[in-house]
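Presented below is the structure to which this report refers.
Order of appearance sets the numbers: ligands from 1, and atoms from 1 within every ligand. Residue numbers run from 1 in the order of the sequence given.
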Amino acid sequence: MPASRVRVLVPGRINQRVVDRLAGQFEIVRIESADPALLTPELRDVKAIAVAGRVPAALMDALPELEIIANFGVGYDGVDVAHAVARGITVSNTPDVLTEEVADTAIGLLLNTLRQLPQAEQWLRQGRWSREGAFPLSPLSLRGRSVGLYGLGRIGLAIARRLEAFGVSIAYHTRSPREGLSYAYHPTLVGMAGVVDTLVVIVPGTEATKRTINAEVLSALGSNGVLINVGRGSTVDEQALIAALQAGVIAGAGLDVFENEPQVPEALMALPNVSLLPHVASASVVTRNAMADLVAGNIEAWFETGRALTPVPETPFTRRAV
Ligand code: NAP
Ligand code: 8YV
């Protein structure tokens with residue numbers, strides 16, 4: 001079968017550039033969501049999925065010829081990877097091309113949270129500067145802070161490099177220490193939370209990280225503590241965080257990701273000591289274009305060379321000769 005006849009399924013929304021680029025070589029089939037009930041019988045020959053969201057096992061099982069799932073994003077927690085491994089389906093993601101953008105956003109969110117810059121801008125825009133005078137001094141500052149990174153992979157390291165220029169002390173917690181770095185390694189998350197006052201979360205959303213930012217960790221972070229999450233919402237126990245912010249167990253939080261996106265709890269939005277972003281850490285045109293190109297590039301490479309450009313570590317597969 002010529003490559004132009006290979007069907008690529010796109011469940012739900014995705015960056016238009018992915019579709020535009022693939023449409024020249026493949027037959028693109030769009031369905032509203034990753035619901036297998038939306039598949040018609042002739043779509044059983046779909047060989048690739050391009051997705052920015054979920055791919056459950058049931059969708060994979062409705063597609064017996066499926067070979068590759070190209071995920072739009074470095075985090076691929078929406079894809080049932082264990083099932084893909086069992087079926088021999090390759091999963092690819094978009095590492096590296098978004099690293100610097102996400103690290104930039106993490107620093108912006110940290111500064112917004114500490115120095116209340118969004119609130120200060122609202123003060124100006126609402127005419128309060130001229131009517132009422134100067135915006136109140138921010139109770140928190142980056143000066144003298146001690147930052148602990150939960151995750152020191154591609155993005156965590158890029159955040160740490162930026163933080164060096166701010167003159168703060170830097171520590172990290174991961175499962176294994178990284179060689180050749182001067183940052184203090186902590187073998188436990190709660191141990192690190194006990195000695196830093198600023199915790200930046202940049203781990204993947206997995207079973208092992210699920211709700212690990214809990215009441216105990218927040219209590220260890222302490223009353224001057226600030227939590228920044230640019231990883232996944234599932235890593236934070238959101239109810240425990242709200243309770244900690246309300247009771248002054250920690251001083252503030254900056255969040256780009258949430259447990260049940262796009263729903264954000266009213267209780268979180270009502271708090272004055274938080275800075276909230278709608279999952280925009282990689283959301284510039286230039287970076288999303290690069291991610292889109294990598295999604296399309298993975299599918300093209302799979303059918304042209306038999307290998308994905310950036311398969312996830314669990315699926316280092318090559319294409320079987322057909
Ligand atoms: P990466 O290079 O794979 O780094 C992951 C880091 O997390 C590694 O340091 C890893 O170290 C650590 N880690 C993994 N599981 C852990 C665990 N159970 N306990 C402690 N540490 C753990 O990934 P990346 O490219 O930096 O991306 C990280 C995540 O950021 C993505 O998976 C995604 O969820 C999120 N992200 C969010 C946005 C956004 O828009 N907000 C954008 C991009 C990425 P060890 O393996 O040694 O534990
Ligand atoms: C994207 C992300 O916003 O790469 C990730 O893991 O969370 C973000 O860059 C998201 O994946 C878009 O679907």
Side-chain angles (χ1 to χ4, degrees), residues 10-18 34 50-55 69-79 81 91-110 148-161 171-179 181 183 185-193 199-214 217 228-236 254-259 261-262 276-292 294-295 310-314:
V10 180
R13 292 186 190 169
I14 201 163
N15 186 294
Q16 186 59 32
R17 189 176 171 106
V18 176
V51 70
R54 291 174 55 251
V55 181
I69 300 167
N71 184 62
F72 187 93
V74 66
Y76 49 97
D77 43 294
V79 179
V81 177
V91 178
S92 66
N93 65 346
T94 61
D96 300 316
V97 295
L98 45 56
T99 293
E100 305 301 329
E101 195 78 74
V102 176
D104 290 347
T105 312
I107 297 295
L109 182 56
L110 174 63
L149 287 149
Y150 178 23
L152 196 72
R154 290 169 291 245
I155 302 171
L157 190 59
I159 296 171
R161 295 296 191 213
Y172 72 104
H173 164 67
T174 51
R175 289 166 299 185
S176 335
R178 285 188 71 148
E179 300 283 316
L181 293 175
Y183 315 134
Y185 174 70
H186 292 268
T188 68
L189 175 58
V190 72
M192 181 171 76
L199 193 53
V200 178
V201 179
I202 187 64
V203 283
T206 62
E207 269 310 301
T209 60
K210 193 171 181 181
R211 294 194 176 165
T212 44
I213 302 291
N214 54 24
V217 168
I228 303 295
N229 188 7
V230 281
R232 280 289 179 269
S234 61
T235 303
V236 174
L255 309 172
D256 182 51
V257 286
F258 301 88
E259 268 191 320
E261 296 175 9
L276 305 172
L277 295 176
H279 201 146
V280 294
S282 68
S284 69
V285 170
V286 65
T287 294
R288 287 289 171 86
N289 281 351
M291 292 165 66
L294 190 48
V295 171
T310 50
V312 304
E314 297 93 322

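Of the candidates E101, E261, H279, M291, H279 brings a heavy atom nearest to atom 2 (C) of ligand 2. The residue among D256, L149, N93, V201 with a heavy atom at the shortest distance from atom 41 (N) of ligand 1 is D256. Nearest residue to atom 11 (O) of ligand 1 from L157, T174, L152 is T174 (criterion: closest heavy atom). Distances from atom 44 (C) of ligand 1 to the heavy atoms of L109, L277, T235, V74 put V74 nearest. Distances from atom 33 (C) of ligand 1 to the heavy atoms of K210, R232, H279 show the closest one on R232.
Any N or O atom pair closer than 3.5 Å counts here, and I155 shares at least one such pair with ligand 1.
Annotation for ligand 2: atoms under 4.0 Å from non-hydrogen atoms of A52 are 13 (O). For ligand 2, the atoms sitting less than 4.0 Å from at least one non-hydrogen atom of R288 are 1 (C), 3 (O), numbered in the order shown with element in parentheses. Taking every heavy atom of R232 and a limit of under 4.0 angstrom, the matching atoms of ligand 2 come to 2 (C), 5 (C), 6 (O), 7 (O). Shown in contact with G73 at under 4.0 Å from a heavy atom are these atoms of ligand 2, numbered in order with element: 4 (O), 5 (C), 11 (O). Here is the list of ligand 2 atoms found below 4.0 Å of a heavy atom in S282: 1 (C), 3 (O), 8 (C), 9 (O).
Nearest protein heavy-atom neighbour of atom 2 (O) of ligand 1: R154 N, 2.9 Å. Protein heavy atom closest to atom 4 (O) of ligand 2, with residue, atom name and distance, is V74 N, 2.8 Å. Residue, atom and distance of the protein heavy atom nearest to atom 38 (C) of ligand 1 are V230 O, 3.6 Å. The protein heavy atom nearest to atom 42 (C) of ligand 1 is V102 CG2, 3.5 Å. When only non-hydrogen protein atoms are considered, atom 19 (N) of ligand 1 lies nearest to R175 CG, 3.7 Å. For atom 28 (C) of ligand 1, the nearest non-hydrogen atom of the protein is I202 O, 3.6 Å. Protein heavy atom closest to atom 22 (C) of ligand 1, with residue, atom name and distance, is V203 CG1, 3.6 Å. For atom 6 (C) of ligand 1, the closest non-hydrogen atom of the protein is G153 N, 3.7 Å. Ranking protein heavy atoms by distance to atom 5 (C) of ligand 1, first place goes to P204 CD, 3.8 Å. With hydrogens left out, the protein atom closest to atom 12 (C) of ligand 2 is F72 O, 3.8 Å, a heavy atom.
Comment: R211 engages E259 in a salt bridge, judged by a side-chain N to carboxylate O separation of less than 4.0 angstrom.
Under 3.5 Å, the side chains of S282 and E101 contain no donor-acceptor pair of N or O atoms. With no hydrogens or angles considered, no side-chain donor-acceptor pair links Y76 and S92 at under 3.5 Å.
Counting heavy atoms under 4.0 Å from ligand 2, residue L98 touches it through the side chain alone. Using a 4.0 Å cut-off between heavy atoms, V257 contacts ligand 1 through its side chain alone, with no backbone atom that close. Residue contacts with ligand 2 for R13 are absent, since no atom lies close enough (heavy atoms, distance under 4.0 Å).
Within the 4.0 Å heavy-atom shell around ligand 1 one finds G231. In this structure, Y150 has a heavy atom closer than 4.0 Å to ligand 1.
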